[in-house]
Trainee: 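Structure below; questions to follow.
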Amino acid sequence: MKFPFRMILNTLLVLLIFIGLQLYIGWNMYLFLSSYVSDISIFVLGISLTVVSLGYAIGRIKWLGPVGRFIKVIGSYYFALLEFFILVLPVMDLIGWICHLAGADSKAYIPILGWATVALLGIFLLRGSYNAWSPVVRKYEVTVAKKPEPGAPRKYTIAVASDIHLGNIVGNRYLAKLTGLLNGLKPDLTLLVGDVLDDSIEPFLRNKMSNEMKKLSAKYGVFAVLGNHEYYGGHVDRYVKEMSEIGIPVLRDEVVSVAGGAIYIAGRKDLTAVRMDPEGRLSVSDLLTPLDHTKPIVLLDHQPYAFDKAQEAGADVLLCGHTHRGQFAPNHFITKRLFELDWGYMLKEKMHVIVSSGFGSWGPPIRLASRSEVIHIELTLTEE
C-alpha cells in the first residue's frame with residue numbers, strides 16, 4: 001500500500017493554518033481585553049480559546065454526555081465566528097496600524113476598534129440567526145412534455161425539503177415548523193432530499209423526533225433519500241428502519257411508481273456510498289433505463305453533480321440539496337464555482353433542475369447570503 005504522503009502533508013498544512021488563525025485571533029482578543037483587565041492571563045485565554053475552537057470535536061466524545069453536547073453547540077457557533085473574524089480582524093488591524101503611524105494613543109483606539117468588531121460580529125450573528133430560523137417557501141412551476149395517464153391528474157403539487165440536519169441544535173420545535181410548512185402546501189408528494197440527520201442518530205432517537213416526522217402527509221406518499229451526513233453518522237440501516245416504521249420509505253437506488261403508476265420517483269444513494277457502502281451505488285443510467293420513459297421521472301440525488309448524465313438517462317426533474325448555498329457569506333462564492341448549479345433553478349436540455357439551500361443548517365444555525373427554505377413545485381404534464 002502506497003504511503004499517503006500527500007494526505008499527511010495536506011492535513012499538516014490545514015492544521016498549521018488553523019493554529020495560526022487561532023494565534024492571530026487570540027492575540028487580538030488579548031489586546032482588546034488588556035484594555036480593561038491589566039493582569040489578564042495569556043494561559044487562561046489560550047486554553048479557553050482552544051476549548052471553544054475545538055468544541056465541535058470535543059463535544060462528540062460520548063462519555064461527556066450533556067456537557068459534551070453543550071460544548072459541541074458552542075463549538076459549532078465558533079465555526080461562524082471564525083470566518084467572521086477572518087473577514088473583520090484584518091480590516092480592524094489595518095485601521096489600528098494607520099492610527100499607530102499617525103501617532104494615536106493605542107489606549108484610545110484599541111477599545112474603539114475592539115467594540116466595533118464585537119458590534120459587527122453581533123450584527124452578523126443576529127442576521128444570520130434570523131435567516132437560519134425563519135424559513136421561506138420558494139415556488140417553482142415546471143412543465144414536462146409527457147402525456148398524462150388516462151384518468152390521472154395533469155398537475156401535481158410536490159413539497160420538497162433537504163438538509164434538515166436534525167440533531168442537538170435542530171430539534172423538535174424547528175421540525176414542527178417543517179411539518180407545518182410542508183403539510184400546509186397540501187401536497188400530492190412530499191420528498192426529503194437527504195441529510196435529514198445531522199450525523200449521529202442518537203438525538204433523533206433520544207428526542208423521539210420520529211413522532212413529529214410521522215406527521216408529514218401527502219396524497220401519494222412521503223419519500224426520502226440518503227445524504228452524506230446519514231453515512232457520516234454510521235447508522236444508515238437504523239435510520240432507514242426508523243423512517244420505514246413511520247411510513248417514509250428511504251429510496252436507496254430504488255424507484256417507486258405513484259399516483260396509480262402515472263409518475264416515477266427515483267431515489268439514488270448519496271455519492272458518499274461510493275466510499276462508504278460496500279455495495280456502492282448504481283449509475284443513474286442503470287437506475288432509470290428500465291423505466292417507461294413515456295411517464296414523468298422525478299429523480300432525487302442529494303449532491304448536485306453530473307446533471308448531463310441524469311438528463312441523458314431520462315430524468316425530467318432532478319432535485320438536489322447539499323450545498324446550503326455556502327450557508328454563510330462569502331462561502332456562496334465558493335459553492336457557485338464548485339457546482340454547475342449551487343442553488344435555485346436551471347433547465348438542462350429538457351430536464352428541470354432544482355437545488356435547495358436546505359431547511360436546517362450544519363454546525364451553527366447561521367446563514368448569510370443564504371436562507372432556510374422549503375420548495376413548492378407545481379408540476380404540469382402536457383401533450384408532447
Side-chain angles (χ1 to χ4, degrees), residues 139-162 182-194 196 213-226 240-241 243-270 279 281-302 307 309-321 345 347-354 356 374-384:
K139 184 176 180 180
Y140 297 94
E141 296 183 357
V142 300
T143 301
V144 173
K146 289 187 175 179
K147 184 179 179 180
E149 291 285 302
R154 183 179 295 273
K155 292 187 177 182
Y156 297 87
T157 297
I158 303 177
V160 181
S162 76
L182 294 179
N183 290 345
L185 298 176
K186 301 187 184 326
D188 296 302
L189 286 162
T190 294
L191 306 175
L192 307 177
V193 196
V196 169
M213 183 71 75
K214 69 182 179 182
K215 294 178 183 179
L216 288 173
S217 63
K219 184 176 182 180
Y220 300 121
V222 182
F223 301 91
V225 292
L226 297 171
V240 171
K241 179 176 179 291
M243 294 289 275
S244 177
E245 288 177 353
I246 59 174
I248 304 178
V250 179
L251 306 178
R252 294 189 281 181
D253 288 342
E254 297 171 288
V255 180
V256 293
S257 179
V258 300
I263 187 169
Y264 288 117
I265 305 298
R268 298 193 74 190
K269 292 181 181 178
D270 181 66
E279 297 179 358
R281 75 168 183 166
L282 290 178
S283 70
V284 67
S285 177
D286 288 342
L287 182 63
L288 301 187
T289 295
L291 305 182
D292 179 357
H293 287 252
T294 65
K295 299 179 181 181
I297 300 171
V298 178
L299 175 63
L300 282 60
D301 195 355
H302 178 65
F307 295 166
K309 293 182 179 179
Q311 186 272 324
E312 291 167 3
D316 296 298
V317 179
L318 173 61
L319 303 177
C320 305
Y345 169 86
L347 186 63
K348 183 77 173 180
E349 300 293 337
K350 294 182 179 181
M351 181 180 73
H352 302 276
V353 182
I354 297 172
S356 174
V374 298
I375 302 298
H376 173 193
I377 299 173
E378 289 295 336
L379 173 63
T380 302
L381 306 182
T382 62
E383 300 283 347
E384 292 196 71

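For reference, positions follow the sequence shown, starting with 1.
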Trainee: Are any of the side-chain heavy atoms of Val196 and Met213 separated by less than 4.5 Å?
Mentor: yes
Trainee: With a cut-off of 6.0 Å (strictly less than), are more than 12 heavy atoms of other residues, nucleotides or ligands near CD of Glu279?
Mentor: no
Trainee: Would you say the side chain of Thr157 lies within less than 4.5 Å of the side chain of Lys186, judging by non-hydrogen atoms?
Mentor: no
Trainee: Got a sec, which residues hit salt bridge (charged side-chain N to carboxylate O under 4.0 Å, His left out) with Glu254, two or more places apart in sequence or on another chain?
Mentor: none
Trainee: Check whether any side-chain heavy atom of Leu287 lies under 4.5 Å from a side-chain heavy atom of Val255, and answer yes or no.
Mentor: yes
Trainee: As a test of understanding, state which of Leu191, Val298, Val193, Ile248 forms a side chain to side chain contact (heavy atoms under 4.5 Å, CB included) with Phe223.
Mentor: Leu191
Trainee: Between the side chains of Asp301 and Arg281, is the shortest nitrogen-to-carboxylate-oxygen separation below 4.0 Å, so that they form an ion pair?
Mentor: yes
Trainee: Does a side-chain heavy-atom distance below 4.5 Å link Leu381 with Tyr156?
Mentor: yes
Trainee: Please name the residue in the list Leu216, Ile375, Val222, Val160 that meets the side chain to side chain contact (heavy atoms under 4.5 Å, CB included) test with Leu182.
Mentor: Leu216
Trainee: Do Leu300 and Leu251 come close enough that some side-chain heavy atom pair is under 4.5 Å?
Mentor: no
Trainee: Less than 4.5 Å apart, side chain to side chain, heavy atoms only: is that true for Glu378 and Val142?
Mentor: no
Trainee: Would you call Asp253 and Arg268 a side-chain contact if the rule is heavy atoms closer than 4.5 Å?
Mentor: yes
Trainee: Please enumerate all residues that pass salt bridge (charged side-chain N to carboxylate O under 4.0 Å, His left out) together with Lys215, with sequence neighbours excluded.
Mentor: Glu212
